[in-house]
Amino acid sequence: MENNGLIVETDRLFIRVWKEQDQSFLYSIMSDADVMRYVWDYKPPTIEQIQDFVGKCIRETGEQGWTTWALILKEDQSLIGYCGFLTRDYGEYKGEIEIGWLLAKEHWGKGIATEAAKAVLDFGFCTWKFHRVIASARSENNQSVKVMIKVGMSLLKDSLNSKGRLVPHAVIKNSQLNTQ
C-alpha cells in the first residue's frame with residue numbers, strides 16, 4: 001500500500017497495516033493482564049498467538065483489504081494498540097462485520113479508542129460500503145460500552161459471546177448508503 005501502509009490518519013493517530021516488527025511491541029501491550037481482562041481468552045496471549053494474529057491481519061489486508069490495523073501514536077511513533085474489523089464467526093450475528101479495539105493501559109481514558117473507532121468506521125463505510133457494523137463488550141467493560149455509544153452505535157439486546165457469556169452488543173448502520 002502507498003504511504004507506508006497508512007489506512008487512516010486522525011488528530012493523534014496513524015492507523016496502518018501491520019509490520020512483522022510490530023509483534024514484539026503488541027506482545028508487550030498484551031502481556032498486561034489488565035489490558036486482556038475482557039478480550040481474547042481474558043488472559044495475556046503467548047508470543048505465538050500474537051504472531052498468528054499479526055500474520056492473519058497481514059494476510060487479510062492482502063486478500064480482502066480490510067482487517068484489524070495497528071494504532072500508532074503520532075507523538076512518538078509508538079504502537080499503542082489496534083482497531084479494525086473482523087467477520088463474526090459464531091452465534092446470533094455470525095457473518096456480520098464487527099469492529100473491535102484494544103489499547104495499552106497508559107492510553108486509557110483519553111478518548112483514543114473513540115477517535116480510532118470513529119475513523120475506522122468511517123473508512124469501512126466509505127471504502128467497503130459496509131451496510132452495518134456490530135460491536136460487543138463484556139458488561140463489566142464500561143469503557144468499551146461507552147466507546148460504542150460515543151461512536152454512534154445503538155445498543156441491542158445482550159447476546160452470547162464466543163465464550164458463551166451474555167454480553168452487550170451494539171450496531172451502527174451506514175447512513176451514507178441511505179442517501180445514495
Side-chain angles (χ1 to χ4, degrees), residues 1-89 97-124 127-128 133-138 140-148 150-151 161-163 167:
M1 296 186 81
E2 65 275 1
N3 299 331
N4 202 20
L6 183 67
I7 299 297
V8 181
E9 183 176 344
T10 70
D11 289 344
R12 297 180 283 179
L13 300 169
F14 293 117
I15 302 171
R16 66 157 170 78
V17 298
W18 292 95
K19 300 175 180 175
E20 290 207 17
Q21 59 265 36
D22 293 330
Q23 294 172 358
S24 60
F25 298 111
L26 184 60
Y27 180 70
S28 57
I29 292 168
M30 294 176 76
S31 292
D32 184 329
D34 288 339
V35 170
M36 301 309 295
R37 183 180 315 149
Y38 305 120
V39 297
W40 288 36
D41 292 325
Y42 311 140
K43 63 183 181 193
T46 64
I47 189 66
E48 291 79 18
Q49 288 171 306
I50 297 289
Q51 291 166 341
D52 289 347
F53 171 76
V54 171
K56 178 179 181 253
C57 291
I58 291 170
R59 279 191 311 281
E60 287 176 343
T61 297
E63 292 167 5
Q64 65 191 16
W66 56 268
T67 189
T68 298
W69 297 289
L71 299 180
I72 307 300
L73 193 63
K74 283 182 175 180
E75 180 182 299
D76 63 5
Q77 303 294 303
S78 63
L79 177 81
I80 62 166
Y82 63 69
C83 184
F85 302 111
L86 59 92
T87 302
R88 175 68 71 92
D89 63 359
I97 303 299
E98 183 171 10
I99 188 171
W101 50 81
L102 176 136
L103 276 182
K105 189 164 47 179
E106 62 267 25
H107 298 287
W108 291 358
K110 299 176 182 177
I112 292 174
T114 302
E115 184 176 323
K118 278 183 181 175
V120 165
L121 276 170
D122 287 347
F123 188 70
T127 306
W128 289 285
V133 174
I134 62 166
S136 66
R138 289 193 22 203
E140 312 93 288
N141 189 353
N142 294 324
Q143 290 308 109
S144 278
V145 175
K146 286 178 186 174
V147 169
M148 292 188 290
K150 285 180 187 175
V151 300
N161 70 5
S162 62
K163 309 288 187 254
V167 299

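Note that the numbering runs from 1 along the sequence shown for the chain.
R37 is not listed as a side-chain neighbour of V35, based on a closest heavy-atom distance of 4.5 Å or more. Taking the side chain as every heavy atom from C-beta outward, W66 and T87 approach each other to under 4.5 Å. Proximity of L79 to L71: side-chain heavy atoms (C-beta onward) are nowhere separated by under 4.5 Å. Between V8 and W69 there is no side-chain heavy-atom pair separated by less than 4.5 Å. Side-chain contact between V17 and I58 is absent, with no heavy-atom pair separated by less than 4.5 Å.
Interatomic distance, K74 NZ to L13 CG, rounded to the nearest 0.5 Å: 8.0 Å. Here CG of L73 is found 5.5 Å from NE2 of H107. Values are rounded to the nearest 0.5 Å. Distance CH2/W40 to CG/L102: 8.5 Å, rounded to 0.5 Å. Rounding to the nearest 0.5 angstrom, the gap separating the CD1 atom in I134 from the CD1 atom in I99 is 11.0 Å. In this structure, CZ in R88 is found 8.0 Å from CG in N161, a value given to the nearest 0.5 Å. The CD1 atom of I97 sits 11.5 Å away from the CG atom of L121 when rounded to the nearest 0.5 Å.
Heavy-atom minimum distance, W101 versus V147: CZ2-CG1, 3.4 Å. The two residues V145 and R138 come nearest to each other via the heavy atoms CG2-O, 4.2 Å. A pairwise comparison of heavy atoms in P45 and Y27 identifies O-CE1, 3.4 Å as the closest pair. Nearest approach of W18 to C57, heavy atoms of both residues: CD1-CB, 3.3 Å. When all heavy atoms of P44 and S31 are compared, the closest pair comes out as CG-O, 3.5 Å. The minimum heavy-atom distance between R16 and L6, with the atom names listed, is CB-CA, 4.0 Å.
Counted within 6.0 Å of CD on E20, heavy atoms from surrounding residues, nucleotides or ligands total 12 or fewer; the atom is thus considered open. With a 6.0 Å radius and a threshold of 12 heavy atoms from other residues, nucleotides or ligands, K56 has its NZ atom at or below the threshold. For CZ of F25, the number of neighbouring non-hydrogen atoms (other residues, nucleotides, ligands) closer than 6.0 Å is 12 at most.
Between the side chain of Q64 and the main chain of T61, no donor-acceptor pair closer than 3.5 Å is present. For D32 (side chain) and I29 (main-chain N/O), no donor-acceptor pair under 3.5 Å exists by modelled atom type. Side-chain atoms of K150 never come within 3.5 Å of backbone atoms of K118 as a donor-acceptor pair (strictly under, hydrogens ignored).
K110 and E115 are not joined by a salt bridge, as no carboxylate oxygen comes within less than 4.0 angstrom of a charged side-chain nitrogen. In this structure, K163 pairs ionically with D41, as a charged nitrogen and a carboxylate oxygen lie closer than 4.0 Å. Look at D22 and K19 and you find no salt bridge, because none of the NZ, NE, NH1 or NH2 atoms lies under 4.0 Å from a carboxylate O.
The aromatic rings of F123 and W128 stand perpendicular to each other, their planes meeting at an angle above 60°, with 30° marking the opposite boundary.
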